[in-house]
Amino acid sequence: MKVISNIATLRQELSQRRQIVFVPTMGNLHAGHISLMEQARAHGDTVVASIFVNRLQFGPNEDFDTYPRTFQADCDKLTNAGVDVLFAPSEQDLYPEPQEYFVEPPAIQNVLDGEFRPGHFRGVATVVSKLFNCVQPQAALFGKKDYQQLMILRNMTRQMALPIKIIGGETVRAEDGLALSSRNGYLSAAERAEAPRLYRCLQNMRAALLAGEDDFTRLERNAIDELAAHGWQSDYIAIRQQADLAPARSLNTPLVILAASRLGGTRLIDNIEI
Ligand code: PAF
C-alpha cells in the first residue's frame, strides 16, 4: 500500500489509474471500515482510502482533540484489506490556508444530528467534496450508520453533477448488536455492557411498526423513557421517511428510525430501516 500525504503526489500517483474507488475515513478503523474497503474492490480496480480527522466537522466542545488517532494500526489493517493507496494528508496539506469556501447543505443539515451538532454537515460536505477533488474516484463508499451523512453526501454528489457513484455499506455490529464506532472506545466496561440497549430499542420499535403501530410519537417517547430509565440522555429517537428524513406520516412509505443518545460522556448514534 502506498501512503501519500501530499495532494500533488496523490494526483501524480492516481493519474495512471482508472476505476478508482474511494473510502474516506477519520481513522481508528474497525470492522465496519474494513468491510467498506472489501466491498470497494467490487466497484473498481484501485481502492483508495483516506484518513483525515477533519477539524471543520467538530463543534467547539466536541472531541476533535481527543478523537482516537491510531495511524500505524490503521495502516496495518488497510494493508491487510488490500487497499492500494492511503491518502493521509496533514492539516497543512488539506487546509494550507484557512478554508473560507464551504459546501453548504440545505435545511436537512439542521435536523436530527445537525440540530445537536451545528455546522457538522457543512464541515463534512466541504471536506468530502475537497477529498473527491483530490482523489477523483468513480465510486465512493460510506457507512449507513451515519445515515444522514450518507443522504447529504448522496444529494450533494447528484446536485453538483459529480461523476461519482455513492454506495452505502451496511452497519457492522458487535455480537450483542452494538453498532461498531470509533467512539465505542470511550465507553467504560459498565457502559459497554449497557450500550446494546440502544439497538434493542430500535429493534422493538421496528417490530411495533411492522405489527401496525402508527402512533409514531408514542413509540419515540417510550424509547426515550426506557433509555432514560437506564441512564441514557437522548438527543433524539425519531421515526422518519427514508426518502427525505421528514417525520413519518404513514406506515405505507419506507421508514427509518434514527437515534442519538448519550451514555455517560459518550454520544452513540444508530439507525434501523423498516
Ligand atoms: O464518516 C466519517 O468518518 C467522516 O464524516 C468523513 C466522511 C470521513 C468526513 O470526514
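Numbering of ligands and ligand atoms starts at 1, following listing order. Quantities reported herein were computed from a predicted structural model and do not represent experimental measurements. The basis for the numbers below is simple: all heavy atoms, side chains too, and nothing from hydrogens, waters or symmetry mates.
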- Closest candidate by heavy atom, reference atom 9 (C) of ligand 1, pool Q149, M26, Q57: Q57
- Contact list for residues 53-91, test ring-ring contact (aromatic ring centres under 6.0 Å, His included), sequence neighbours left out: F58-F64, F58-Y67
- Atom indices of ligand 1, in the order listed, that fall short of 4.0 Å to a heavy atom of T25: 8 (C)
- Query: Is it the side chain (CB and beyond), the backbone, both or neither of L131 that lies under 4.0 Å from ligand 1, heavy atoms counted?
  - Reply: neither
- Query: Between R173 and Y199, is NZ or CZ placed under 6.0 angstrom from the six-membered ring centre and within 45° of the ring axis?
  - Reply: yes
- State the atoms of ligand 1, each with its element, that fall below the 4.0 Å cut-off from a heavy-atom position in V127. 9 (C), 10 (O)
- Message: Check whether D84 reaches the backbone of M1 with its side chain - one donor and one acceptor, N or O, closer than 3.5 Å.
- Response: no
- Task: Answer with yes or no whether the hydrophobic clustering places M26 together with Y186; edges join I, L, V, M, F, W, Y residues whose side-chain heavy atoms lie under 4.5 Å apart.
- Result: yes
